[in-house]
Number of protein chains: 2
Amino acid sequence: MKLSTRGKYGLYAMYYLAEHRNEGPQTLQSIASTGVPKQYLEQLLGNLRRAGLVASVRGAQGGYQIAKPPDQTTILEVIDAMEGPLALSECTTDEGSCKHACQCPVRKVWQRLTESINRELAGVTLGDMFEEIDDCEATVNE
Amino acid sequence: MKLSTRGKYGLYAMYYLAEHRNEGPQTLQSIASTGVPKQYLEQLLGNLRRAGLVASVRGAQGGYQIAKPPDQTTILEVIDAMEGPLALSECTTDEGSCKHACQCPVRKVWQRLTESINRELAGVTLGDMFEEIDDCEATVNE
DNA sequence: CGATATCCGATTAAATTTGTCGGGTATGGG
DNA sequence: CCCATACCCGACAAATTTAATCGGATATCG
Ligand code: SF4
Ligand code: SF4
């Protein structure tokens, strides 16, 4: 089970914007400088904007800015914006998608897990990334 | 973010086998009777078998049986067998996949979330499905 | 032996993800 | 006003992954 690159690119972009949040609008060009295809990233930023997570300024000197303080943006919001809401099985969201729907014990498990995972994702914010950049050189060489 | 049908089909098959665990080997045909393409399900059962979650009996009167008591089989095992281990970002498992690797604060978040989610998945077993099939008619009509 | 039913690699079909293209629109500065 | 800048957007193409099918091999019971 893997996340698509959207989630990764998206979160990384949010991290970049959080890092430079006091430096005015950041252009797509500069956000993409880490190796993400620029025009693809543009689509992704569009999703983040429509989700209200980033604000954009059009025209010359324009760019993107993070919309809220980092510690008020959860990873859940970012992932949901990029990959759509977590749906382990359709029946957890769309009631009528399966005849069994109600009696099905399997469904109970999917619902329970969906809630748990969403709670985990909602419990971490962008702000958490900036805490404790702790000891790294200790374990890595070169 | 969605699970592929493999996860769903797989868990449903496990549920079926758990339900009929004292009735001898269950044929592919009967497991598939719920609407899963038979030959596709065959592949999936193969994965579950190789993961040690189901046992098979070949030849006439053969079929599949659950390998362990339901309360000793976690959802994590099933999902891992069907979809591969959870990897939100390659860098969480494969150290060298990204230059930043160590210093990167984003990576910390991925690791933290991966652990949390795995813990959730490991905390639910097939046995949990058979508890409390509780009040259903109460909330649903037709 | 022969019916049954799992096993398995290869292939095809469908869907999704990833990336590209071309033009539109808003904005600041000269 | 004009023009360079840079976001906006729908449509398209390529690549990858998922879903499903096919054909035959192998094991086992009666
Ligand atoms: S069989 Fe159960 S878990 Fe599967 S889709 Fe239907 S209600 Fe949901
Ligand atoms: S940038 Fe950070 S999170 Fe992304 S792959 Fe590299 S180490 Fe992992």
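Each chain gets a letter, A, B and so on, in the order the sequences are listed, and its residues count up from 1.
- Annotation: side-chain contact (heavy atoms from CB on, under 4.5 Å) contacts of A/S33 (sequence neighbours excluded): none.
- Within the structure, every side-chain polar atom (N or O) of B/Y9 is placed at least 4.0 Å from both OP1 and OP2 of D/dT18.
- With sequence neighbours excluded, the residues satisfying salt bridge (charged side-chain N to carboxylate O under 4.0 Å, His left out) with B/R107 are B/E95.
- Each of A/L3 and B/G63 has a nearest nucleotide on DNA chain C; the 5'-most of these lies closest to B/G63.
- Listed pair B/S4 / D/dT17 fails the phosphate criterion, with no side-chain N or O lying under 4.0 Å from OP1 or OP2.
- Hydrophobic clustering (ILVMFWY, side-chain heavy atoms < 4.5 Å, transitive): A/V57 and A/I66 are in distinct clusters.
- In this entry the distance linking CG of B/L28 with C1' of C/dT4 reads 13 Å, nearest Å.
- Rounding to whole angstrom units, CE of residue B/M1 and P of C/dT17 are separated by 12 Å.
- Screening residues 18-47 of chain A for ring-ring contact (aromatic ring centres under 6.0 Å, His included) gives A/Y16-A/H20 as the qualifying pairs, with residues at least two apart or on separate chains.
- Legend: residues meeting salt bridge (charged side-chain N to carboxylate O under 4.0 Å, His left out) with A/K68, ordered by chain and number and at least two apart, are A/E77.
- Among residues at least two apart or in separate chains, there is no ring-ring contact (aromatic ring centres under 6.0 Å, His included) pair with a member in residues 70-98 of chain B.
- In terms of phosphate contacts, B/T5 brings a side-chain nitrogen or oxygen within less than 4.0 Å of OP1 or OP2 of D/dA19.
- Remark: DNA chain D forms stems of 3 or more consecutive Watson-Crick or G-U wobble pairs, all pair distances under 3.5 Å, at C:1-30 with D:1-30.
- Residues passing the salt bridge (charged side-chain N to carboxylate O under 4.0 Å, His left out) test with A/E90, sequence neighbours excluded: B/K8.
- If you take CD on A/Q111 and CD on A/E115, they are separated by 7.0 Å, rounding to the nearest 0.5 Å.
- The side-chain contact (heavy atoms from CB on, under 4.5 Å) search around B/R119 returns B/S116, not counting sequence neighbours.
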Hey, can you pull the donor-acceptor pairs under 3.5 Å for the side chains in residues 41-55 of chain A, sequence neighbours left out?
residue	atom	partner	partner atom	Å
A/N47	OD1	A/R50	NH2	3.2

Using atom names, set out every protein N or O paired with an N or O of nucleotides 28-30 of chain D below 3.5 Å, distance rounded to 0.1 Å.
residue	atom	partner	partner atom	Å
D/dT28	O2	B/A60	N	3.1

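- Every residue two or more places apart in sequence or in another chain that forms a side-chain contact (heavy atoms from CB on, under 4.5 Å) with A/Q29 is listed here: A/T27, A/K38.
- Of the residues in residues 40-56 of chain A, those placing a heavy atom less than 4.0 Å from an atom of DNA chain D are A/E42, A/Q43, A/R49, A/R50, A/S56, in numerical order.
- Checking D/dC8, D/dA19, D/dC22 against every side-chain atom of B/R6, the shortest atom distance belongs to D/dA19.
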